[in-house]
Participant: 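Supplied in structure tokens, the structure appears directly below.
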There are 2 protein chains.
Amino acid sequence: MSTIPDIKDFRLAYLFRDLDRALLAQIAARACWRELDAGETLFAKNDPGKWFFLVKTGTMKLYLLAEEGQEHVLELVGREHLFAEAVMFMGGRYAVHAAALEPTRLIAFDADFFLGLLRSNADLCLALLADMSRRVHSLVTEIDRLTLQTGEQRFVQYLLAQPAQKISGTRMVRLPASKQTIASLLGITPETLSRILSRLRDQGVIQVNAETIVVLKPDAFTRIS
Amino acid sequence: MSTIPDIKDFRLAYLFRDLDRALLAQIAARACWRELDAGETLFAKNDPGKWFFLVKTGTMKLYLLAEEGQEHVLELVGREHLFAEAVMFMGGRYAVHAAALEPTRLIAFDADFFLGLLRSNADLCLALLADMSRRVHSLVTEIDRLTLQTGEQRFVQYLLAQPAQKISGTRMVRLPASKQTIASLLGITPETLSRILSRLRDQGVIQVNAETIVVLKPDAFTRIS
DNA sequence: ATGGTTGTTTGATTTAGATCAAGGTGGCAA
DNA sequence: TTGCCACCTTGATCTAAATCAAACAACCAT
């Protein structure tokens, strides 16, 4: 799998829409595939690096570590999403740790080359600025969640924000990671998440089956948050 | 004070360094002064707006409100710092509330005009991208702080991050806002902050005198965090 | 199958911090 | 001076969630 990625593998990602084929071809020529096993680390915080990435299959976990080694998950990155774009402006060092949660295929883009493109392509710059603005905005609301809401409220909001399959007034959600990981993302312990789940189950608003959760009363649910 | 701001009033701000005089003059021609009384609101979250701002004197408070009306301060913006640049990419709506903590003078920049400049000026784009990266990075560490540390640790880190006057091994810090505001910024209640302060005072590591705090043992202090 | 490893649940206990409540303190205006 | 108001402090109580501990389930590799 050391072939050069094809344009159609990444042209639909937000950042690359509206770019012309010639430019996409240039980008493709400097990009390469990267495969990770489940649990494999891609980079650590402060590692020097000159790539940013697009997830094609699988899920990446971005996280920080406290001194005592406990990790806090900041973000789960799924299919067709970019991560680590900021490495281009952070002096070539990653600001977080990144590891695969399952077997994962990525496209790696050359940061220096891309930075050069930015210099001569205003549309690309604006697309990236819009991308960063979205990220800033989501981080701000994340901070808000962490300070103003209880663990249960945060879980409910998280669940409602997840993509769901809708069946006759109910929503079926597939958790994109283990419950410990979700707990870390929500800033709570696995035990607390487990208790939140059983409380909501007892109240009859959700059904839990391994990583699949059915929201029986989305409206009652919305009221909690 | 409805005169056009002079280039020298803003040329030192991070974003504007390295820009040539002609460009700065164009920017100045579309900018204007804005004055706020203590406590005055500049904009509310979701307000449509087409300006972003530079603080020349005073302090701005950026915050969010929960349904019950309680506010959470996200950031205090002091002299020579920009805020609300993201309005250019957020569809012309502000993502937070902004109010002055004291009498404050701002320079307001025209977002649409600036967006136009970005389209034709790669250096400006890159400067703004670097600015946004810094912001993303500080938000990420902020999230980290909120989830992995106690209120006391957060306060200590905050205090050490503040600009200080150093006198014979001690640091003197002037809090940039009332203690309730600082408490909100740290994600704790005013009562808890008050208790943290008296605890540290009893331990003999700080001296508190109204909004002035002297860190007597910066090294012992660093160990707490 | 068997054991080992990892993730999940449940219960008992502890704790940081919120909440409720009551006094201080200081600045400012009449 | 007096009173008012906003801010800060201190104390008592309450609570969400962490921690500690143990059992349990699921999955994999030998």
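Keep in mind the model is a prediction, meaning the values are calculated, not measured. The sequence lines fix the lettering, A, B, ..., with proteins before strands; numbering per chain opens at 1.
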Participant: Could you tell me whether B/Asp131 and B/Arg134 make a salt bridge, using a distance below 4.0 angstrom between a side-chain N and a carboxylate O?
Facilitator: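 Salt bridge flag = yes for B/Arg134 with B/Asp131.
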
Participant: Go through residues 171-184 of chain A and report each residue with a non-hydrogen atom lying under 4.0 Å from DNA chain C, sorted by number.
Facilitator: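 Under 4.0 Å from DNA chain C: A/Ser178, A/Lys179, A/Gln180.
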
Participant: Under 30°, 30 to 60°, or over 60°: which ring-plane class applies to A/Phe52 and A/Phe114, parallel, tilted or perpendicular?
Facilitator: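 Answer is perpendicular, since the angle exceeds 60°.
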
Participant: Write down the atom of B/Thr104, the atom of B/Gly58, and the distance for their closest heavy-atom approach.
Facilitator: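 Closest approach of B/Thr104 to B/Gly58, heavy atoms only: OG1-CA, 3.6 Å.
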
Participant: Considering only heavy atoms of chain A and a distance under 4.0 Å, specify the first and last nucleotide of DNA chain C in 5' to 3' order that meet this criterion.
Facilitator: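 The footprint of chain A covers C/dG7 to C/dA12.
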
Participant: With rounding to the nearest 0.5 angstrom, report the CG to NZ distance, B/Leu74 to B/Lys61.
Facilitator: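 That separation rounds to 11.0 Å.
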
Participant: For A/Arg79, I'd like to know if atom CZ has over 12 heavy atoms of other residues, nucleotides or ligands within 6.0 Å.
Facilitator: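 Count not over threshold, so no.
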
Participant: Give the minimum heavy-atom separation between A/Ala177 and A/Leu101, together with the two atoms involved.
Facilitator: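 Between these two residues, the closest heavy atoms are CB-CD1, 3.6 Å.
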
Participant: Identify the two heavy atoms, one from B/Phe16 and one from B/Phe10, that lie closest to each other, and give their separation to 0.1 Å.
Facilitator: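 Between these two residues, the closest heavy atoms are CD1-O, 3.3 Å.
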
Participant: Should we say atom CD of A/Gln165 is surrounded by more than 12 heavy atoms from elsewhere, each under 6.0 Å from it?
Facilitator: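 Incorrect, the count does not exceed 12.
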
Participant: Which atom pair, heavy atoms only, marks the closest approach of B/Ala84 to B/Phe53?
Facilitator: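 Distance-wise, the nearest heavy atoms are CB-CD1, 4.5 Å.
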
Participant: Going 5' to 3' along nucleotides 13-30 of chain D, which nucleotides have protein heavy atoms under 4.0 Å from the base (write B), which only from the sugar-phosphate (write S), and which from neither (write -)?
Facilitator: ----SSBB----------

Participant: How close do B/Lys179 and B/Ala210 get, heavy atom to heavy atom, and via which atoms?
Facilitator: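 Closest approach of B/Lys179 to B/Ala210, heavy atoms only: NZ-O, 3.3 Å.
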
